[in-house]
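Values below: all heavy atoms of this structure, side chains included; hydrogens, waters and symmetry mates excluded.
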Amino acid sequence: MKFMVIVKANADTEAGVMPTRQQLAEMGQFNEELVKAGVLLAGEGLHPTSRGARIVFDGDKRTVVDGPFTESKELIAGFWIIEVSSKQEAIEWMRRCPNPYGGKPGNIEIRQIFSAEDFGDALTPELREQEERRREQAAAR
């Protein structure tokens, strides 16, 4: 099972406050544990929304909205993608995570990523093959 672990943004991350050397070292050690256990697929921090944009969909219309975005509790400051055997295992790993907020209050969210099987009959053999081809091409880059 794959999970996306979402580090929620706060006022510091949105202000562009960078982690301390100690925070980087602690997080690096945790990430190394994930790698050694074979569960880490990806993980990155994100720049503040002031450097981002949103695409707003309304039917066929697309509108670009430049950041920053005001509602920080809905924003993401970083993420991991991990592959583990269960949601409980994902929770156990993330309970070991150093506080990404430097000791301040905050939270991370754990969300399971859809697998092909989750789509049932809607994902026809042709669509499944097409998706597998796309993934192989992306991995080759």
Side-chain heavy atoms under 4.5 angstrom apart, residues restricted to Ile, Leu, Val, Met, Phe, Trp, Tyr: same cluster for [X] and [Y]?
X	Y	value
Ile6	Phe3	no
Met27	Leu40	yes
Phe79	Ile113	yes
Phe30	Ile91	yes

Beyond-backbone contact of [X] with [Y], side-chain heavy atoms, under 4.5 angstrom:
X	Y	result
Glu32	Leu34	no
Phe69	Leu75	yes
Met94	Ile108	yes
Asp58	Thr63	no
Trp93	Gln88	no
Ile76	Leu46	yes

Residues Arg96, Glu92: salt bridge by 4.0 Å N-O rule = no
How long is the gap from [atom1] on [X] to [atom2] on [Y], to the nearest 0.5 Å?
X	Y	atom1	atom2	value
Met1	Ser115	CE	OG	8.0 Å
Glu26	Gln29	CD	CD	8.0 Å
Ile110	Ile82	CD1	CD1	6.5 Å
Phe114	Leu123	CZ	CG	12.0 Å

How about [X]: does its [atom1] atom have over 12 heavy atoms from other parts shown lying under 6.0 Å from it?
X	atom1	value
Arg135	CZ	no
Arg21	CZ	no
Arg95	CZ	no

What is the minimum heavy-atom distance between [X] and [Y], and which atoms define it?
X	Y	value
Asn99	Lys104	ND2-O, 3.2 Å
Arg62	Phe57	NE-CE2, 2.7 Å
Gln23	Gly102	NE2-CA, 2.7 Å
Arg134	Glu131	NH2-OE1, 2.9 Å

Side-chain donor-acceptor pair present, Thr49, Glu14, cut-off under 3.5 Å = yes
Looking only at side chains, do Gln22 and Thr20 share a donor and an acceptor under 3.5 Å apart?
-> no
Side-chain (Tyr101) to main-chain (Thr13) donor-acceptor, under 3.5 angstrom | no
Take Arg133 and Glu129, measure what salt bridge (Lys or Arg N to Asp or Glu O under 4.0 Å) needs, and give me the verdict at the end.
-> CA-CA 6 Å; Arg133 217 175 26 253; Glu129 183 180 314; 3.3 Å; yes
Can you list every side chain to side chain donor-acceptor pair (under 3.5 Å) pair that touches residues 77-87, not counting sequence neighbours?
-> Asn31-Trp80, Ser85-Glu89
By salt bridge (charged side-chain N to carboxylate O under 4.0 Å, His left out), Arg111 pairs with (sequence neighbours left out) Glu109
Criterion side chain to side chain contact (heavy atoms under 4.5 Å, CB included) on Leu41 and Lys2, from CA distance to verdict | CA-CA 9 Å; Leu41 301 178; Lys2 290 182 186 175; 3.9 Å; yes
